[in-house]
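Chain letters run A, B, ... following the sequence lines, proteins first and then strands; every chain starts at 1. Just so it is clear, the values below take in all heavy atoms, side chains as well, and ignore hydrogens, waters and symmetry mates.
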Number of protein chains: 2
Amino acid sequence: MASDEPNARPSEARLKLLRTATRIFYAEGIHAVGVDRIIAEAKVTRATFYRHFPSKDDLILAYLREVHQLERGMVDEALAANLSPVEPLLAIANSIAQNIQSPGFRGCAFLNAAAEYPDTNHPVHQELIAHRAWFLGTITTLMAQVHEGTADPAARHFVMLRDGAMAAGCLSDPTLVSETFLRGVEGLLRINSERQSTESAR
Amino acid sequence: MASDEPNARPSEARLKLLRTATRIFYAEGIHAVGVDRIIAEAKVTRATFYRHFPSKDDLILAYLREVHQLERGMVDEALAANLSPVEPLLAIANSIAQNIQSPGFRGCAFLNAAAEYPDTNHPVHQELIAHRAWFLGTITTLMAQVHEGTADPAARHFVMLRDGAMAAGCLSDPTLVSETFLRGVEGLLRINSERQSTESAR
DNA sequence: CAGATCAGACCGAACGTTCTGTCGCTAAGA
DNA sequence: TCTTAGCGACAGAACGTTCGGTCTGATCTG
């Protein structure tokens, strides 16, 4: 990607473009927003835009990577305060619930991108698949610490609840959606903890 | 909506347009497909298109109403074979699971439309909100027959699992997604049935 | 005959991308 | 200290294509 060397300090113009794109793509959709709009609101010129992003698709990929980093940050934070096997999962769930209730919440950037880019050959689609693989893998690892034998189905169940909550959070009452999600997660963790306790008692 | 009187037989041209739009919009996304494409593949002319649909938005609304009718048909079928309070819900869940595993599955047309039309004032957005209200209401009514007191949260939980399954069904292994969904629903129904049995035994 | 459909041209706007010349800033070299 | 070169950003025009929508006249069918 142009001008994005790992150790180079990103230019102010590039940051402005990426920040603007992240905000507008998330709020309004990707296809619904043209590069003209991003350029105008970032207050840079066309030449500057194309200097940093060779095409609109490059900007979209940068947007998704930006959101991915934000979500990684959230997960890393939950892992840092790690006391018992269940707590990181609850911390992640609470973070998701808070996000759902935050102003400007507009669902999952990756699920939204999937709706707009269904072609599995498109780089945008491939980017979101990679993100989802990371998230499922992370939850699976955490679930394995709760109960090794059922980690896979339990993680899939967690992610399904997450996906459902993210999808519905801006289509109905976010408070009810968050409650439903947290209850589902708590029930899931309770069942899996009891399995672990039952097997430990043997 | 033009030429769509309740008792009039829809013309062949209109049917072709709607059928084509339903297929392509669902498979490829709404913004990603222009009217030219629909017209070319439906093998009608531009004037015919605009005779039946005054604008692209009218076609999109017709597409969503078409999918809504299909889903109503699925639910009506599940209700028709109604033996016990739990069975319609299981039938609906099984129908959803089969859909997820069917060729060409591309998620929920309404969730996909929500991603592309986030503006709550847009008629497309309002159409999908109405559809979701119908679905949640239907599931709530069915859950009330399982256990009156927890019908609301249980229905929301069911719909959350459904949304998550629909979102993930074409982004990962559809068989695993279906299994996860059906297990989640079975667990939910078991818990709610046991609540009903417990309260009946008092 | 009336309505539906056809063929096809047209419109202005928007789309993503390319390009040119100019300006400002910074760092390095004389 | 001054000059120069290089880099990044600016202003703005231009390109070809696609977009959704409008319109006209001809043909077909019931």
[X], nearest nucleotide to its side chain (from [options]):
X       : options                : result
B:Thr45 : D:dC10, C:dT17, C:dA7  : C:dA7
A:Ala13 : D:dA9, C:dC6, C:dT18   : D:dA9
B:Ala47 : D:dT24, C:dT17, D:dG20 : D:dT24
A:Lys56 : C:dT17, D:dC19, C:dT5  : C:dT17

Let me know the distance between [atom1] of [X] and [atom2] of [N], rounded to the nearest Å.
X       : N      : atom1 : atom2 : result
B:Ile39 : D:dG20 : CD1   : P     : 9 Å
A:Phe53 : C:dC15 : CZ    : P     : 19 Å
A:Ile38 : C:dG16 : CD1   : P     : 9 Å
B:Phe49 : D:dG21 : CZ    : P     : 7 Å
B:Leu17 : C:dC6  : CG    : C1'   : 13 Å
B:Asp36 : C:dA7  : CG    : C1'   : 14 Å
B:His52 : C:dT5  : NE2   : C1'   : 8 Å
B:Tyr50 : C:dG3  : OH    : P     : 24 Å

For residues A:Gln101 and A:Ser178, is any side-chain donor paired with an opposing acceptor at under 3.5 Å? yes

Can you check whether A:Ser11 has a side-chain N or O nearer than 4.0 Å to OP1 or OP2 of D:dA9? yes

So, does the side chain of B:Arg46 form a donor-acceptor pair with the base of C:dG8 at under 3.5 Å? no

Applying a 4.0 Å non-hydrogen cut-off, can you work out what B:Lys16 is touching in the nucleic acid: base, sugar-phosphate, or nothing? nothing

Are any non-hydrogen side-chain atoms of B:Thr20 and B:Arg37 less than 4.5 angstrom apart? no

Should we count CD of A:Glu77 as having more than 12 external heavy atoms under 6.0 Å? no

Inter-residue atom distance B:Met74.CE - B:Leu79.CG, 0.5 Å rounding: 10.0 Å

Hey, could you give me the OG1/CD1 distance between B:Thr22 and B:Ile60, rounded to the nearest 0.5 Å? 11.5 Å

